[in-house]
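Quick notes on the structure that follows.
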Amino acid sequence: MTAVMGGVRILEVAEHTFVPAASALLADWGAEVIKVEHVERGDAMRGLASSGTVNLGGGVHVLLEHSNRGKQSIGLDLTSPDGLEILGQLAATCDVFLTNKMPSVRTKLNVDVEDIRAHNPNIIYVRGTGQGERGPDADKGSYDSLAFWNRAGVAMGQKQADEDYVPPPPAPAFGDSIGAMTIAGGIMGALFHRERTGEATTVDVSLLGAGLWSMGAGLALSLQMDIPWAPPPKGGSPSGNPLVGNYRTQDGRYVALCCLQPGKYWAEAVTLIGVPELADDERFVDAPTILANGNEGYELLAAAFAERPLDEWRERLADFSGQWAIVQNTLEAAADPQSVANGYVSDCETADGVPFRLATAPVQYGGEPAQALRAPEFNEHGDAILEGLGYDWDTIVDLKVRGVVA
């Protein structure tokens, strides 16, 4: 793997997932990331006991690992002058300062743009927020389930009109992880800009903005038609094209078809599905007639798919030239031959040697996946980081006794 971020040093003052996961990606790609944690409790994520319906355990805090892999950790009291002095010395050695503190907290802690750039005028200053850096809610905290999922229209884009509940996010930190990719890309663009122009800019990414971008195609259509975006109704062909949709199998699984050119694939598809007589049916002779009779076609295909189990469909469709997939759960997705062949899941282990697995960074350089390293123990690198700044051991012990460092 080409370590495209090698030589880049990042200073992080952030918690939870949205912002820390961005620097975790950059660490996967070779950056050195110094994570500043609360001097007593560390990152609040370290105390999270459950997420949704799943309790955390098994000897590995995998949610912490997901967003903090490959970093160094130091516990630092940013409310103390000495703690701020250490932060400033670290900032002077770094290319990027990354935070998810709200504007009022940044002001209170003296870690805003001007404060950090007083120590390093060339540092790129990155802010990850809930709702953006401006506006009436700029100083209000949020989570991805709020700003990304609900506020940005993602949840309502999933909700059926006759349902009496709002669908929840499909996974913990779903919007956080998508937003983190956006932050990582923004940082890389800012570094490139500084390399070309010498200008150190700021980078702003919010969960709300990332959610709106993720809904961008639907948002554009919604604004054009002045109709709130919503999913297609249940039953029948969702698009009028019976070769686009999810079909239930005999054993309760689903096969997803997405052949956007129905005229091209119809004869082959219905032959493989076991209803070859539909290839010459006058209702389905070309794309216009297939679309005109989409609901009928959907019901006929649904009846055929319901006659056989998933494994048989996997075999029957193996050589189909159209586009299709099995609707998989997370364990199946991790074991998918394509996931294995491309290294999309990485084997890791904790400092104590406990094994676990993580999704790898979604961008590969040099034709190889980036190896995800473990997250640091709280303050694991604190002493070494201070020594690197020139502090002798007696001074470090004094800082520990006074609670400035962990």
Side-chain angles (χ1 to χ4, degrees), residues 2-37 43 67-74 76 78 84-103 105-107 109-134 138 176-207 209-210 213 361-363 365 370 385 388-389:
T2 304
V4 296
M5 298 300 292
V8 174
R9 202 170 199 220
I10 298 170
L11 180 60
E12 173 189 301
V13 179
E15 298 183 296
H16 300 291
T17 302
F18 171 43
V19 171
S23 58
L25 284 172
L26 300 175
D28 278 359
W29 297 325
E32 179 185 3
V33 181
I34 299 174
K35 181 180 182 66
V36 175
E37 302 192 53
D43 186 326
S67 55
N68 290 284
R69 59 233 238 160
K71 302 180 185 179
Q72 302 174 38
S73 168
I74 180 172
L76 195 59
L78 297 182
L84 274 180
E85 174 60 27
I86 293 171
L87 186 75
Q89 292 179 50
L90 286 172
T93 70
C94 291
D95 298 284
V96 178
F97 180 84
L98 179 60
T99 186
N100 65 354
K101 301 299 183 185
M102 294 182 293
V105 177
R106 298 198 304 262
T107 299
L109 293 177
N110 296 302
V111 295
D112 222 329
V113 181
E114 297 78 10
D115 304 305
I116 297 300
R117 285 190 173 159
H119 301 278
N120 183 351
N122 294 317
I123 201 166
I124 293 166
Y125 192 99
V126 185
R127 298 171 289 222
T129 59
Q131 291 82 214
E133 190 64 17
R134 298 175 297 280
D176 287 337
S177 299
I178 295 172
M181 290 191 292
T182 309
I183 295 173
I187 290 172
M188 296 171 83
L191 287 166
F192 180 77
H193 177 74
R194 191 183 68 176
E195 181 74 19
R196 286 294 182 90
T197 69
E199 178 190 12
T201 187
T202 58
V203 177
D204 288 299
V205 178
S206 74
L207 286 166
W213 172 255
V363 179
Y365 297 99
I385 290 171
L389 292 175

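The shortest non-hydrogen separation linking Gly70 to Ala27 is O-CB, 3.9 Å. Between Pro121 and Ala200, the closest heavy-atom pair is O-CB, 4.0 Å. A pairwise comparison of heavy atoms in Gly130 and Ser206 identifies O-CB, 3.8 Å as the closest pair. For the residue pair Pro103 and Asp112, the shortest heavy atom distance occurs at O-OD2, 4.4 Å. Of all the heavy atoms in Val4 and Met188, the pair that sits closest is CG2-CE, 4.2 Å.
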Could you walk me through whether Ile385 and Ile34 pass the side chain to side chain contact (heavy atoms under 4.5 Å, CB included) check? CA-CA 9 Å; Ile385 290 171; Ile34 299 174; 3.7 Å; yes

Run the side chain to side chain contact (heavy atoms under 4.5 Å, CB included) check on Glu133 and Thr202 step by step: do they pass? CA-CA 11 Å; Glu133 190 64 17; Thr202 58; over 6 Å; no

Give the C-alpha distance, both sets of side-chain angles, the deciding distance and a yes or no for side chain to side chain contact (heavy atoms under 4.5 Å, CB included) between Val363 and Trp29. CA-CA 9 Å; Val363 179; Trp29 297 325; 3.7 Å; yes

Audit row: Trp213, Ile178, side chain to side chain contact (heavy atoms under 4.5 Å, CB included) steps and yes/no: CA-CA 10 Å; Trp213 172 255; Ile178 295 172; over 6 Å; no

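Considering CG of Asp204 and CZ of Arg134, their distance stands at 7.0 Å, rounded to 0.5 Å. Note: His16 NE2 to Asn100 CG = 7.5 Å, rounded to the nearest 0.5 Å. Atom CG in Asp115 sits 10.0 Å away from atom CZ in Arg106 (nearest 0.5 Å). Atom CD1 in Ile116 sits 6.0 Å away from atom OH in Tyr125 (nearest 0.5 Å). The CG atom of Leu87 sits 6.5 Å away from atom CG of Leu76, with the distance rounded to the nearest 0.5 Å. Atom CG of residue Leu26 and atom CD of residue Glu12 lie 10.0 Å apart, to the nearest 0.5 angstrom.
Among pairs with a residue in residues 14-34, those fulfilling salt bridge (Lys or Arg N to Asp or Glu O under 4.0 Å) read Arg9-Glu32, Glu15-Arg41, Glu15-Lys101, Asp28-Arg69, at least two apart in sequence or across chains. Applying the salt bridge (Lys or Arg N to Asp or Glu O under 4.0 Å) definition to pairs two or more places apart or across chains, those involving residues 180-202 are Asp95-Arg194.
Using a 4.5 Å heavy-atom cutoff, the side chains of Met102 and Thr129 are not in contact. Annotation: side chain of Ile124 is not in contact with side chain of His193 (no heavy-atom distance under 4.5 Å). In this structure, Asn110 and Leu78 have side chains that are not in contact, with every pair of non-hydrogen atoms separated by 4.5 Å or more. Looking at Ile183 and Val203, their side chains never come closer than 4.5 Å, going by heavy atoms from C-beta outward. In this structure, the side chains of Leu11 and Val36 come closer than 4.5 Å at one or more pairs of heavy atoms.
Across Leu98, Ile10, Asn68, Ile74, a single residue satisfies side chain to side chain contact (heavy atoms under 4.5 Å, CB included) together with Lys35, and that is Asn68. Tested against Val126, the residues Thr99, Val19, Thr201, Ile187 include a single side chain to side chain contact (heavy atoms under 4.5 Å, CB included) partner, Ile187.
By the side chain to side chain contact (heavy atoms under 4.5 Å, CB included) test, Ser67 pairs with Thr17, Pro20, Ala21, sequence neighbours left out.
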